[in-house]
Every structure is written in C-alpha cells, then in structure tokens.
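Report on the structure given below.
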Amino acid sequence: MKESTDRMMKAYFLTEVKNVPVPPAPGEPGVPVLKGNSASLRRALFSAAASIAIAVLSGVVMVQFGRVTPLERTLVEIEHEYHLSEKTIAGIQKLQHIYSFQHGGGK
Amino acid sequence: MSKEAGPAGTPENTSRHNGESKLFEEIWTEYYPKIYIFLRTGFGFSREDLEDLTQDTLLKAYSRYDTYNSVYAISTWMYTIARNLAVDWFRKRKRRAAVTDTVPLHEAEPAGREESPEAELLNEETRIMIKSALLVLKPRDRQIAFLWFYEEIPQKRIAEILKVPAGTIKYRIHEIKKILTSRLEGNV
C-alpha cells in the first residue's frame, strides 16, 4: 500500500505541475522586464491604464452628449493623477474638438 | 527528473555569454510550474502571491546564477530560493500560512498538453481526494511531500532546503506516508 501511496503522490504532483500554465518569461518579445513584485506591478499598470482609458472615454462621452462638465476639467484631473504627456493631452483635446465640431457645440 | 541533473542538461556547460537568454527560458519553462506547485502545496498562497513569488524565485535564481554551486542539483538550489522567499514573505507581512489552499481545486487543463502515463492514472476524483489528504498535513510536511514524492530529492538535500536536521526529515517522511496511506486507503 505504501508503494501505491508513493505512486499516487508522484502521479498527483505530476498532474498538478502539468496543469500550471506557464506565462511567457520576462524579457521575451512583448513581455517587459520588471523588478520586485513584477506580477503585481503589471496588474497595477494595467489597472492604471484601464482607469485612464475609462476617464478619457467618460470625458469624450460627456462632450458627445453635451453634458455641462467640460472635458478640460476631466483632463486636468487625470493629468494630475496619471501625469499624462503633452502629446497625449493634445490628442485628447483634438478628439474633443472633433466631437464638438460634429455635434455643433462649442468647447 | 534526475536528482542531480539541471534543466535540459547541465547548465554549467552552457556558455553564459551566448546562451544566457536561452538558459533563462529553459529555467523558466521547466521550473515555473514546479516552483508554483511547491509554493502552493507547501504554503497555501493566493494565486496572485503565487505568481509573484514564483516569478521572483526564478528572477532571483537567474540574477544570482553565478552563486550556484553545480555540485548540487539545480532543483535543490531553486527550491531553497523559493522556500527562503516564502519564509521572508510571511515574516514581512507577519501572516500565518493559510492552512487551506486558496487556489481552486478544479483548475482548467491547459489545451495542448500531453498527459503522461502516470497522470493518466489519476482521475479528477482521485486528485481531489489526494488534495484533501494533503491538507491534513502541516505546511512543512506538505513541502516535504512534494520534494520527496515528486522530485525524489534525497532526504539530506530536503533537510538542507528546509533547514531542518536530516533525522527530522526521515521521521517526517515516515509519518507523512503513514498519514497519507491511512487517508487514501479507504478511498482507493
């Protein structure tokens, strides 16, 4: 029975190990090399990026539907929080301009 | 895997300059799942912490590869790093190791993986039964069980990895077998 236990345990761990999906190694194409708690950092970065996208989209939607809240205010808020580059801000302002033009509203 | 063999051959013979990237990929591919299961079985981390610690173990091993003594099996070295990081993790956060395994029992089988003959012997019911039996063991005994049953690491090396006397390991293996056998006996 003990030999059977040995075999079963070996088979169990073999199965468990085989079932672990191996993520791409850091440094492989498209996978950034991050130090420290890298997986946590990646999740945090992804979360921050998602937040920016939601904030920007919210601003765009507000302009599209003619809400009172100006996009500039949203931009200042997310710029302050996420330190957006001038290029990114310029791109968002351009989007604002396009939507303002399409919907006949002012800035 | 051989008790004294390195991943995919003997890493010490690999050219450090020409094959560093390849070496890291080999270490990553071979040891990521092993370290992951070792940490999961032995410490009961959450999935996110498991991913962090597994990755940290492999990055640390790679960054300190110069300190690896090829007299010992690379697996011994890797599990030592993993164990030390896990202990540090608990020390820093002053948390006690969870007794229960927080990773779901029914993990999806990744597609495209071939089943080994040994793995084919185990159906899902048996896997859950063994997992339950393991949870009866103390965390350190689960670490011993993994290193002994799966990696077949000699008792002396297990003692070095876990930093306990070799005699303790011998006794614990005897006890672990007794507990597991009694738990599994009625279900086989």
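Each chain gets a letter, A, B and so on, in the order the sequences are listed, and its residues count up from 1.
Note that CD1 of B/I37 is 11.0 Å distant from CG of A/L14, once rounded to the nearest 0.5 Å. The OG1 atom of A/T5 sits 13.5 Å away from atom NZ of B/K178, with the distance rounded to the nearest 0.5 Å.
Scanning all heavy atoms of the two residues, the minimum distance from B/F24 to A/A25 falls at CE2-CB, 3.9 Å. The shortest heavy-atom contact between A/V22 and B/P33 is CG2-CD, 3.7 Å. Residues A/M9 and B/L184 share a closest heavy-atom pair of SD-CD1, 4.4 Å.
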Run B/L180 and A/M8 through side chain to side chain contact (heavy atoms under 4.5 Å, CB included) and show every step you take. CA-CA 10 Å; B/L180 290 177; A/M8 282 179 74; over 6 Å; no
Can B/R127 and A/N19 be said to form a side chain to side chain contact (heavy atoms under 4.5 Å, CB included), step by step? CA-CA 12 Å; B/R127 283 170 64 190; A/N19 284 346; 2.7 Å; yes
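Proximity to chain A is limited to the side chain of B/L134, based on heavy atoms less than 4.5 angstrom apart.
Annotation: cation-pi pair A/K10/B/Y150 present, NZ/CZ under 6.0 Å from the ring centroid and within 45° of its normal.
Both B/V164 and B/I153 belong to a common hydrophobic cluster when Ile, Leu, Val, Met, Phe, Trp and Tyr are linked at side-chain heavy-atom distances under 4.5 angstrom. B/I176 and B/V136 fall within the same hydrophobic cluster, defined by Ile, Leu, Val, Met, Phe, Trp and Tyr side-chain heavy atoms under 4.5 Å apart, directly or through other members. By the criterion of side-chain heavy atoms lying less than 4.5 angstrom apart, applied directly or through intervening Ile, Leu, Val, Met, Phe, Trp or Tyr residues, B/I161 is grouped together with B/F90 in one hydrophobic cluster.
Looking at B/W28, its side chain does come within 3.5 Å of a backbone N or O of A/P23 through a donor-acceptor pair.
B/K34 has its side chain out of reach of A/V20: every pair of non-hydrogen atoms, C-beta onward, lies at least 4.5 Å apart.
Aromatic ring centroids of A/F13 and B/F146 lie under 6.0 Å apart.
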